[in-house]
K.L.:
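A single structure is presented below for examination.
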Amino acid sequence: MITVIGSLNMDLVVQMNAFPKQGETILGHAFQTVPGGKGANQAVAAARLGSEVAMIGCVGKDSFGETLRAVLQQEHILTDVIVSSPSAPTGIANILVYNQDNRIVVVPGANYELAPAHLEASKDLIQKSQMVIIQLEIPKETTSYAIRLCKEAGVPVLLNPAPAANFDVQWMEDVTYLTPNETECAEIFNEPFEQTLEKYPNKLIITLGSEGARYYDGSYPIHVPGYMTTAVDTTGAGDTFNGALAYALVEGQSLDEAVYFANIAASLSVEKFSAQGGMPTLGAIYARMAGLEE
Ligand code: RIB
């Protein structure tokens with residue numbers, strides 16, 4: 001089982017033909033409300049591939065919270081340990097999409113009510129997990145607590161350090177994998193990425209969007225190329241990568257195979273609108289790998 005500890009957001013997505021400049025009002029051409037949140041997205045990515053997944057998070061007692069729970073249940077994700085905040089609203093993300101690119105503002109709401117006590121109540125679940133995935137849209141103290149629980153139980157942790165501002169470098173020792181993108185990596189380590197990679201062999205995996213991903217295997221820098229495709233919406237591509245990486249590692253793939261697998265998953269995800277809309281099934285990934293697509 002994979003347990004995801006993280007955020008659930010309702011994504012309020014506006015599609016437009018240009019990003020507004022400061023002080024400018026422009027017209028968008030579409031508005032949609034779709035499920036998101038890095039935690040929920042990564043849970044869906046792994047579940048759609050066939051992993052047994054549990055989600056630990058916090059939503060508000062409102063219609064967004066109800067919808068987000070229901071969406072995860074439809075994906076056969078265990079939602080019993082998602083708690084409801086009595087006072088905070090469900091988290092939202094305001095997403096502007098233009099030219100296959102996006103700008104995101106998250107208002108965490110109930111996600112910031114997820115406390116160490118909630119993890120303590122779900123300790124059994126965490127301890128029996130084959131891997132725990134965490135991102136940084138929840139309070140820092142909860143992330144620290146989660147990493148400590150996993151360490152004590154010997155459960156591998158895949159930490160996706162987004163947003164990077166919430167990262168604590170002390171966690172490096174105890175996480176099994178860290179998956180920043182290039183911008184997050186620069187923000188966290190503040191040095192050329194080649195240097196950082198060598199410090200964390202087989203642990204630090206830097207995602208490069210359509211260029212794939214890089215890590216250091218202890219002897220050589222490894223670049224696993226991405227699959228070139230035509231992107232419609234890149235929202236959630238990183239989340240797809242993380243969910244698929246966890247799936248593949250839990251299935252026993254080598255790091256090299258798992259990163260390749262996750263790159264293919266991410267390439268499929270960007271071909272459809274919304275964070276969760278394009279997340280692939282296992283069949284779609286193997287069809288792409290085998291060159292069997294129409
Ligand atoms: O990674 C994409 C996600 O970031 C969106 O779904 C949004 O909710 C934010 O958390």
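Count residues from 1 along the sequence. As the structure is a computational prediction, the values presented were derived from the model and not from experiment. Numbering of ligands and ligand atoms starts at 1, following listing order.
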K.L.:
I want to know if ligand 1 touches Gly37 in the polar sense, i.e. an N/O pair below 3.5 angstrom.
P.N.:
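In this structure, Gly37 places an N or O atom under 3.5 Å from an N or O of ligand 1.
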K.L.:
Numbering the atoms of ligand 1 from 1, which are under 4.0 Å from a heavy atom of Asp11?
P.N.:
5 (C), 6 (O), 7 (C), 8 (O)
K.L.:
Which atom pair, heavy atoms only, marks the closest approach of Gly6 to Met55?
P.N.:
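Heavy atoms of Gly6 and Met55 come nearest at O-CE, 3.3 Å.
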K.L.:
Quick check: Ser7 and ligand 1, any N/O pair under 3.5 Å apart?
P.N.:
no
K.L.:
Going by the angle between their ring planes, with limits at 30° and 60°, are Phe19 and Tyr98 parallel, tilted or perpendicular?
P.N.:
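Plane angle over 60°, so perpendicular.
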K.L.:
Is there a donor-acceptor pair closer than 3.5 Å between any side-chain N or O of Glu257 and the backbone N or O of Ser254?
P.N.:
yes
K.L.:
Judged on heavy-atom distance to atom 3 (C) of ligand 1, which of Asn9, Leu12, Val105, Asn41 sits nearest?
P.N.:
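Nearest option to atom 3 (C) of ligand 1, by heavy atoms: Asn41.
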K.L.:
So, does Arg48 use its side chain to make a donor-acceptor pair with the main chain of Met279 at under 3.5 Å?
P.N.:
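Judged by distance alone, yes, a pair lies under 3.5 Å.
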K.L.:
Taking distance alone, with no angle check, do Asp239 and ligand 1 share an N/O pair under 3.5 Å?
P.N.:
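Indeed, backbone or side chain, Asp239 has an N or O that close.
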K.L.:
When you look at Glu75 and Gln276, which way does the side-chain hydrogen bond (donor to acceptor under 3.5 Å, both in side chains) test go after all the steps?
P.N.:
CA-CA 11 Å; Glu75 300 282 349; Gln276 297 173 13; over 6 Å; no
K.L.:
Any idea which atoms of ligand 1 are less than 4.0 Å away from a heavy-atom of Gly36?
P.N.:
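Result: 6 (O), 8 (O).
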K.L.:
Should you measure from each heavy atom of Ala93, which atoms of ligand 1 turn up under 4.0 Å away?
P.N.:
7 (C), 8 (O)
K.L.:
Keeping the roles fixed (side chain from Asp233, backbone from Thr235), state whether a donor-acceptor pair exists under 3.5 Å.
P.N.:
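Confirmed, Asp233 side chain pairs with Thr235 backbone.
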